[in-house]
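Encoded as structure tokens, the structure appears first; notes follow it.
Computed from a predicted structure; not experimentally measured.
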Amino acid sequence: MATLDDVRRLALALPRTDEAVSWGSATWRVSKKGFVWERPLRRSDEAALEAAGVPLPEGDVLGVRVADLGVKEALIADDPAVYFTTPHFDGFPAVLVRLERIGVDELRELVEDAWVDRAPKTVAKAWLAEQGRGQDG
């Protein structure tokens, strides 16, 4: 089970990343572009999930930027116990994550992929090379 402290540690370990507060919640940014954020559910989110028959998360929820809508749909289809969305995020390349249901290793991969997607390309390329990873991770 991952926690917001794990998110903070993983995100802040990446180059040019800082932590800020947006809408009263923590958000992590690379070069001022958000890539992961704490995302408490709003009443409208809860109502939409209940109407769709999707169980409400029991703990913290993380919003994570993904490369595109195809990645979002694939994550949700592959593991709906961990990944979900709400109408607020329709058409937006981000997925919501039940932190109480994701392991730290999977969270690390998700955070790093989000960072790579949002970081300046030269910074991402240099970091990927340091990690011994190609541009597609």
Side-chain angles (χ1 to χ4, degrees):
M1 171 174 120
T3 66
L4 286 172
D5 286 338
D6 292 319
V7 175
R8 177 174 287 112
R9 177 180 52 78
L10 294 168
L12 292 176
L14 297 165
R16 294 196 192 180
T17 297
D18 68 357
E19 182 174 338
V21 175
S22 178
W23 297 93
S25 297
T27 185
W28 293 273
R29 311 174 307 174
V30 54
S31 297
K32 304 211 186 275
K33 294 166 94 178
F35 65 100
V36 292
W37 60 95
E38 180 182 13
R39 180 51 165 80
L41 295 183
R42 299 176 177 123
R43 286 190 187 135
S44 61
D45 296 327
E46 292 174 355
L49 291 173
E50 287 174 351
V54 176
L56 295 178
E58 295 177 18
D60 292 318
V61 174
L62 186 69
V64 179
R65 208 40 209 257
V66 294
D68 57 44
L69 295 176
V71 172
K72 174 183 180 171
E73 292 167 9
L75 286 169
I76 294 168
D78 287 349
D79 200 347
V82 174
Y83 303 101
F84 68 104
T85 191
T86 65
H88 179 80
F89 292 98
D90 284 353
F92 186 73
V95 68
L96 299 175
V97 180
R98 292 173 176 88
L99 283 178
E100 81 272 3
R101 299 225 177 143
I102 191 170
V104 175
D105 288 340
E106 187 174 353
L107 176 65
R108 174 181 292 108
E109 183 177 334
L110 200 62
V111 169
E112 289 176 353
D113 287 350
W115 180 88
V116 167
D117 186 59
R118 301 292 284 165
K121 296 305 170 202
T122 55
V123 175
K125 186 175 181 178
W127 182 82
L128 286 166
E130 281 178 19
Q131 306 306 306
R133 294 168 53 183
Q135 188 66 29
D136 11 328

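- Of the residues R8, R29, K33, the one that meets the salt bridge (charged side-chain N to carboxylate O under 4.0 Å, His left out) test with D18 is R29.
- The side-chain heavy atoms of V21 and T27, taken from C-beta on, include no pair separated by under 4.5 Å.
- The two residues L56 and E50 come nearest to each other via the heavy atoms CD1-OE2, 3.4 Å.
- Between L4 and R9 there is no side-chain heavy-atom pair separated by less than 4.5 Å.
- Closest approach of A114 to R65, counting heavy atoms only: CB-O, 3.3 Å.
- Pairing each heavy atom of V30 with each of P120, the nearest pair is CG2-CD, 4.2 Å.
- Taking the ring axis of F84 as reference, the NZ or CZ atom of R98 stays within 45° of it and closer than 6.0 Å to the ring centre.
- Contact check for R101 versus M1: no side-chain heavy atoms found under the 4.5 Å cut-off.
- We find that D45 and R39 are joined by a salt bridge, their nearest charged nitrogen and carboxylate oxygen being less than 4.0 Å apart.
- Scanning all heavy atoms of the two residues, the minimum distance from A2 to L107 falls at CB-CD2, 3.6 Å.
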Would W37 and S25 count as a side-chain hydrogen bond (donor to acceptor under 3.5 Å, both in side chains) here? Give the steps. CA-CA 7 Å; W37 60 95; S25 297; over 6 Å; no
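- Residues Y83 and F35 share a single hydrophobic cluster, defined by chaining ILVMFWY side chains whose heavy atoms lie under 4.5 Å apart.
- The neighbour count for E109 CD, taken as heavy atoms of other residues, nucleotides or ligands under 6.0 Å away, does not exceed 12.
- V66 approaches A94 most closely through the heavy-atom pair CG2-N, 3.8 Å.
- In the hydrophobic clustering of this structure, W28 does not group with F89; members are Ile, Leu, Val, Met, Phe, Trp, Tyr whose side-chain heavy atoms approach within less than 4.5 Å, directly or through other members.
- Annotation: the span from T85 atom OG1 to E73 atom CD amounts to 10.0 Å, rounded to 0.5 Å.
- Partner L110 forms a side chain to side chain contact (heavy atoms under 4.5 Å, CB included) with one of L10, I102, V7, V82 and no other, that one being I102.
- Between A11 and T17, the shortest heavy-atom distance links the atoms O-CG2, 3.2 Å.
- Rounding to the nearest 0.5 Å places NE2 of H88 at 9.0 Å from CG of L96.
- A single hydrophobic cluster is not seen to contain both V61 and V64; linkage of ILVMFWY side chains at heavy-atom distances under 4.5 Å, directly or through other members, places them apart.
- In this structure, the side chain of K72 engages the main chain of F92 through a donor-acceptor pair within 3.5 Å.
- W23 is not listed as a side-chain neighbour of P40, based on a closest heavy-atom distance of 4.5 Å or more.
- Residue R16 places its CZ atom among 12 or fewer non-hydrogen atoms of other residues, nucleotides or ligands, all under 6.0 Å distant.
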Passes side-chain contact (heavy atoms from CB on, under 4.5 Å), V71 versus L75? Steps please. CA-CA 6 Å; V71 172; L75 286 169; 4.1 Å; yes
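- In this structure, E38 contributes its side chain and L62 its backbone to no donor-acceptor pair below 3.5 Å.
- In this structure, OG1 on T3 lies 8.0 Å from CG on D60, to the nearest 0.5 angstrom.
- V97 and V54 are assigned to two separate hydrophobic clusters, defined by single-linkage of ILVMFWY side chains at heavy-atom distances under 4.5 Å.
- Distance check, rounded to the nearest 0.5 Å: CG of L14 to CD of E112 gives 6.0 Å.
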